[in-house]
Participant: 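Below you'll find the structure I mean.
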Amino acid sequence: MHEHVHHRHGGGHLRPLVWSLVITFAFAMVEAVGGWMSGSLALLGDAGHMATDALALALGAVAALLAQKPADRELSFGWGRAEVLAAIVNAVFMLLIVIGIGIAAIERLRTPQPVHGGTVMLIALIGLLVNVAVAWVLHRGEQTLNIRGALLHVMGDLLGSVAALIAGAVIYFTGWTPIDPLLSLLICVLILISSLRLLRDSVDVLMERVPRELSLPVVGKTLAAVEGVRSVHDLHIWRLDSSTISLSAHIVVDDLQAWSGVLERLRETLIKRFDIDHITLQPEPLDHHSAVEIIDRVSDRD
């Protein structure tokens, strides 16, 4: 006897990605031109960061479109993990950007060049406002892996714009140009942190790791405490994609005849307590269950 419950989230998440992509890419171009004209490496570095965000959003939009495709006989779970692959490509690309900006910043420290502080301040201030707008758009969307990753990048962009604004102000009022490459290196650190986090989260999905916000023992003990359940074993929890958490387990029950009621209580518990809605549970009678159990029932129901 085998029961499977599946409630999949809407797979689009497309509108916030598209709007954010348009805004981010347009200003990345403005910032790149401004950085080139002003000679500011910090501004160019922030433009590179925003360009990688635009790539992330573009890949996310494509992945969101693919995720809408229905499952078929070759891809029985559908295309949900397309966004995970897109996130990995984006993270790797961002790491390459870090290397490029870092090398340029070190070279600029060795060979200082003039920077137009006023231009840097103006463009950085506009960039700050743009990033606030993008963050607002993304925050309103459902928090998939791509949207969470993009939002994380945008927060890095916010700090990058602040760094460029500070660099422009320091150069404008003091003429001390080393602040520009120094803050460029700071932007590199921000990009590196967000890239590694995105890469980590993506690899977690591919490796079918237990989601970091959940605890396998806690979930198991919670299920074992449901009325009609004796114990839980062979418990597995993983992300099917960024918006769907899957769970499978063998449930030892007092009475197989009462399984439908027990299943409903288990399903309700998993959805309300842990937001797990892709559920596969296998009932087992008390007198035939395996002697080896991962998680025992918390309290005695005798």
Side-chain angles (χ1 to χ4, degrees), residues 1-11 13 67-85 87 142-145 148 200-302:
M1 188 180 298
H2 176 85
E3 295 292 344
H4 181 81
V5 182
H6 182 194
H7 300 271
R8 189 175 180 86
H9 295 291
H13 323 301
Q68 292 178 348
K69 296 180 64 174
D72 53 40
R73 63 181 63 186
E74 282 81 25
L75 293 170
S76 60
F77 281 111
W79 291 74
R81 286 195 176 178
E83 66 173 358
V84 180
L85 298 177
E142 185 174 343
Q143 299 302 294
T144 66
L145 183 64
R148 286 191 296 109
R200 180 200 67 182
D201 292 344
S202 302
V203 171
D204 280 353
V205 175
L206 294 182
M207 293 299 293
E208 298 186 340
R209 184 188 190 278
V210 175
R212 294 178 182 270
E213 67 271 23
L214 297 177
S215 167
L216 191 74
V218 169
V219 174
K221 290 177 181 179
T222 301
L223 294 179
V226 170
E227 181 183 355
V229 176
R230 281 288 180 170
S231 62
V232 178
H233 64 98
D234 289 338
L235 173 62
H236 302 280
I237 307 173
W238 71 100
R239 285 194 180 276
L240 186 60
D241 53 42
S242 65
S243 61
T244 306
I245 299 177
S246 299
L247 177 146
S248 68
H250 287 223
I251 309 294
V252 179
V253 296
D254 293 317
D255 182 9
L256 282 180
Q257 300 301 318
W259 171 242
S260 60
V262 174
L263 175 63
E264 181 59 29
R265 289 191 291 273
L266 290 168
R267 186 188 70 83
E268 184 177 359
T269 298
L270 288 170
I271 292 176
K272 289 185 176 180
R273 289 283 303 276
F274 305 108
D275 197 26
I276 300 176
D277 61 358
H278 189 281
I279 305 163
T280 304
L281 301 175
Q282 174 69 50
E284 295 180 358
L286 178 60
D287 55 347
H288 290 101
H289 78 274
S290 170
V292 180
E293 297 179 350
I294 296 177
I295 303 168
D296 289 324
R297 187 176 171 211
V298 179
S299 60
D300 187 3
R301 295 193 182 279
D302 290 341

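As a basis for the values below, the full set of heavy atoms in this structure was taken, side chains included, without hydrogen atoms, waters or symmetry mates.
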Participant: Give the intermediate values and the outcome of side-chain contact (heavy atoms from CB on, under 4.5 Å) for residues Ile276 and Leu214.
Facilitator: CA-CA 10 Å; Ile276 300 176; Leu214 297 177; 3.9 Å; yes

Participant: Hey, are the side chains of Val229 and Leu223 touching, using non-hydrogen atoms and a 4.5 Å cut-off?
Facilitator: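 No - every pair of side-chain heavy atoms lies 4.5 Å or more apart.
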
Participant: Holding to side chain to side chain donor-acceptor pair (under 3.5 Å), I want the full list of residues that pass it with Thr269, two or more places apart in sequence or in another chain.
Facilitator: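 Side chain to side chain donor-acceptor pair (under 3.5 Å) check on Thr269 returns nothing, list empty.
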
Participant: For the residue pair Pro211 and Ile237, establish whether any side-chain heavy-atom pair is separated by less than 4.5 Å.
Facilitator: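 In short, these two side chains touch, coming nearer than 4.5 Å.
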
Participant: Go through the structure and list residues passing side chain to side chain donor-acceptor pair (under 3.5 Å) with Gln257, not counting sequence neighbours.
Facilitator: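 Gln257: no side chain to side chain donor-acceptor pair (under 3.5 Å) contacts found.
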
Participant: Using the side chain to side chain donor-acceptor pair (under 3.5 Å) criterion, which residues pair with Glu208? Sequence neighbours excluded.
Facilitator: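 For Glu208, no residue satisfies side chain to side chain donor-acceptor pair (under 3.5 Å) once neighbours in sequence are set aside.
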
Participant: What are the two closest non-hydrogen atoms of Gly220 and Val232, and how far apart are they?
Facilitator: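 Closest approach of Gly220 to Val232, heavy atoms only: O-CG2, 4.0 Å.
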
Participant: Looking at Leu235 and Ala249, what are the two nearest heavy atoms and their distance?
Facilitator: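 It is CD1-CB, 3.7 Å.
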
Participant: Rounded to the nearest 0.5 Å, what's the gap from OG on Ser260 to CZ on Arg265? Could you check?
Facilitator: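 So the gap between those two atoms works out to 9.0 Å.
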
Participant: I want to check something: taking the side chain as every heavy atom from C-beta on, are Leu270 and Val219 in contact at a cut-off of under 4.5 Å?
Facilitator: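 Contact flag for Leu270/Val219 side chains = yes.
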
Participant: Can you tell if the side chain of Phe274 reaches within under 4.5 Å of the side chain of Thr222, non-hydrogen atoms only?
Facilitator: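 Answer yes - side chains close enough.
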
Participant: To the nearest 0.5 Å, what is the distance between CD1 (Ile251) and NE2 (His233)?
Facilitator: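 Ile251 CD1 to His233 NE2: 8.0 Å, rounded to 0.5 Å.
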
Participant: On a heavy-atom basis, which atom in Leu256 and which in Pro283 lie closest, and how many Å separate them?
Facilitator: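 Looking at all heavy atoms of both residues, the shortest contact is CD2-CB, 3.9 Å.
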
Participant: Show your reasoning for whether side-chain contact (heavy atoms from CB on, under 4.5 Å) applies to Ile245 and Glu213.
Facilitator: CA-CA 11 Å; Ile245 299 177; Glu213 67 271 23; 3.8 Å; yes

Participant: As an exercise, state the distance from CG of Leu216 to NZ of Lys221, rounded to the nearest 0.5 Å.
Facilitator: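 So the gap between those two atoms works out to 11.0 Å.
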
Participant: Would you say Arg239 and Asp204 make side-chain contact, with heavy atoms under 4.5 Å?
Facilitator: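 They are not in side-chain contact.
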
Participant: With rounding to the nearest 0.5 Å, note down the distance linking CD1 in Ile279 to CG in Leu263.
Facilitator: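 Reported to 0.5 Å precision, the distance equals 8.0 Å.
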
Participant: When rounded to the nearest 0.5 angstrom, what is the spacing between CG in Leu247 and CG in Asp277?
Facilitator: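 Output value for this atom pair is 11.0 Å.
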
Participant: side-chain contact (heavy atoms from CB on, under 4.5 Å) between Asp255 and Val262: does it pass, once the steps are laid out?
Facilitator: CA-CA 9 Å; Asp255 182 9; Val262 174; over 6 Å; no

